[in-house]
Amino acid sequence: MQPAKELEACLQTRRAHAGIVGLGYAGLPLAVEVARSGFTVFGVDTDAAKVEALNAGESYLPDVSRAVLRELVNSSRLRAGSDYAELSRCDAVSICVPTPLRKTKDPDLTHVLGAVQTLAKHLTLGTLVILESTTYPGTTEEAVLPILEESGLRVGKDFFLCYSPERVDPANTEYGTRTIPKIIGGVTAACLRMGQAYYRQVMDEVVPVSSTLAAETAKLLENTFRMVNIGLVNETAILCDRLGIDVWEVIKAASTKPFGFMPFYPGPGLGGHCVPVDPHFLTWKSRQAGYEPRLIQLASEINGGMPRHIVSRIQSALNDARKPLRGSSIHLVGVAYKRNVADARESPAMDIAAMLKRMGAIVTYSDPFVQSLGVGPLALSRVELLPAASQSDIAVILTDHDGVDYRGLLAAAPLVFDTRNVLSGVEAANLSRL
Ligand code: SAJ
């Protein structure tokens with residue numbers, strides 16, 4: 001039987017063996033959903049701790065329940081290892097490895113190309129390969145395809161190659177891997193057919209597009225849309241501050257428009273490893289094609305300037321209380337990059353803390369999710385909220401986690417600067433907001 005027909009049949013009957021490369025916040029939930037759909041799944045990761053935990057049925061992600069993982073492992077539907085050679089037994093392999101930016105804002109494909117080069121050594125006739133990592137338009141066909149074809153196998157005939165962006169939103173309790181519509185594009189029509197045959201067994205909705213480029217670019221548009229709109233609302237916050245207008249009231253009023261408007265909210269800056277990063281993939285590729293995407297660059301500069309704006313507002317609040325910033329005690333309330341997550345990577349709180357320390361302030365923080373912040377001379381140790389606030393000169397709310405005693409904070413701290421409007425509607429002489 002032709003490889004395509006055989007592969008399509010074993011995908012549609014879920015007899016196929018599935019491989020997942022990279023068991024992080026995207027790969028592990030995908031592995032679980034594929035296994036729950038009835039496939040046997042082999043997950044490979046270079047992190048031995050992840051492999052060990054998964055095989056012990058221990059989940060290391062809040063979004064993946066221990067009970068579900070344990071059941072899949074105990075029923076031999078899901079197994080992990082670090083030997084890529086085992087992928088040669090897989091009929092479908094999804095690649096979910098990190099795609100960070102270099103300091104120069106150029107894409108760093110080290111993990112993707114490393115995974116693909118190793119996979120190519122074990123690629124067998126009739127295998128479907130799906131790249132899931134967020135990356136610049138063209139990666140699948142310009143960077144991944146040539147490496148896989150070095151195996152001598154031909155795409156669309158001997159093996160099949162697709163791009164399908166991961167859309168996992170950590171801590172999102174409403175949408176998960178199975179329920180988020182899955183975009184997929186194939187290098188050839190046969191590739192797309194195989195990709196759809198596979199993911200239709202796992203996801204509630206599969207969204208085919210005409211090419212891997214369209215799939216790669218759709219993902220980037222999603223997060224560039226967020227980054228640019230966050231930049232717009234941050235700039236609106238700055239101009240409202242200058243005009244003495246309450247930007248939060250303005251956004252609330254604009255949100256009553258039942259069409260044509262979507263609220264975003266100002267904040268201390270842009271954190272996380274998706275939204276601040278993904279638009280630069282688009283910029284990088286666009287420049288290669290001779291076009292400078294100015295809006296993306298400008299929004300990125302506005303968002304990148306928010307930490308300095310926050311520091312300047314802190315300095316003004318202290319100044320109004322006749323206190324120099326140098327020597328003042330500043331307590332940061334919440335340092336994670338967004339509400340109710342423990343991730344402080346790329347958090348604007350890191351930039352704000354560093355600036356304040358460089359200006360001679362004494363900086364402490366409290367955050368129910370983040371155990372420690374920064375390293376070396378910039379490291380901050382976590383302290384208890386209310387005692388620290390009462391001993392500070394100003395408390396600054398940077399992340400609006402649930403379950404924090406903000407009213408108690410307002411009663412304890414001499415000054416409170418709320419950058420997230422978590423004390424919405426509260427008026428107090430010692431309270432100011434972005
Ligand atoms: N932020 C604002 N104002 C806003 C929204 C966000 O300042 O109105 C800040 C956040 O505080 C954070 C940063 O932007 O520092 C990014 O926040 P985010 O809500 O976009 O959260 P992320 O980075 O976890 O983005 C992920 C993305 N998911 C994927 O890429 C698969 C994004 O597409 C989701 O829309 C987003 O989660 C989400 O909605 O939670």
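Whatever order the structure lists them in is the order used to number ligands and atoms, beginning at 1.
Taking a 4.0 Å cut-off on heavy atoms, Asn172 fails to register as neighbouring ligand 1.
Distances between N or O atoms of Tyr265 and those of ligand 1 include at least one value under 3.5 Å.
If you look at Asp278 next to ligand 1, there are no close heavy atoms at all, none under 4.0 Å.
Checking Lys219, Arg167, Met227, Glu222 against atom 30 (O) of ligand 1, the nearest heavy atom belongs to Lys219. Considering each of Met306, Arg339, Arg420, the one bringing a non-hydrogen atom nearest atom 11 (O) of ligand 1 is Arg420.
Ring centers of Phe225 and Phe264: under 6.0 Å apart, within the cut-off. Ring pair His17/Phe42: centre-to-centre distance not below 6.0 Å.
Atom 33 (O) of ligand 1 has Asn223 OD1, 2.6 Å as its closest protein atom, hydrogens excluded (heavy atom only). Atom 1 (N) of ligand 1 has Ile230 CD1, 3.6 Å as its closest protein atom, hydrogens excluded (heavy atom only). Protein heavy atom at the shortest distance from atom 36 (C) of ligand 1 is Asp169 OD1, 3.8 Å. Remark: minimum distance from atom 20 (O) of ligand 1 to any protein heavy atom is reached at Arg226 NE, 2.8 Å. Looking at atom 21 (O) of ligand 1, its nearest protein heavy atom turns out to be Lys338 NZ, 3.2 Å.
Shown in contact with Val275 at under 4.0 Å from a heavy atom are these atoms of ligand 1, numbered in order with element: 20 (O), 23 (O), 25 (O). For ligand 1 and Cys274, the ligand atoms under 4.0 Å from any heavy atom of the residue are 30 (O). Close contacts between ligand 1 and Gly271 involve ligand atoms 12 (C), 13 (C), 15 (O), 16 (C) [criterion: under 4.0 Å to a heavy atom]. With ligand atoms numbered from 1 in the order given, ligand 1 contributes 8 (O) to contacts under 4.0 Å with heavy atoms of Phe264.
Side-chain atoms of Lys219 and Ile183, non-hydrogen and from C-beta on, never get closer than 4.5 Å to each other.
No side-chain donor-acceptor contact under 3.5 Å links Ser300 to the backbone of Ile296. When atom types are taken as modelled, the side chain of Asp63 and the backbone of Pro29 share no donor-acceptor pair closer than 3.5 angstrom.
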Note to self: The test is side chain to side chain donor-acceptor pair (under 3.5 Å); show your working for Thr177 and Glu33 and say whether it passes.
What the structure shows: CA-CA 7 Å; Thr177 297; Glu33 287 307 331; 5.8 Å; no
Next item on the list: Begin with the C-alpha distance, continue with both residues' side-chain angles, and end with the deciding distance and a verdict on side chain to side chain donor-acceptor pair (under 3.5 Å) for Ser164 and Lys182.
Entry: CA-CA 7 Å; Ser164 178; Lys182 196 80 166 98; 2.8 Å; yes
Margin query: Run Ser366 and His331 through side chain to side chain donor-acceptor pair (under 3.5 Å) and show every step you take.
Written below: CA-CA 8 Å; Ser366 56; His331 183 66; 2.8 Å; yes
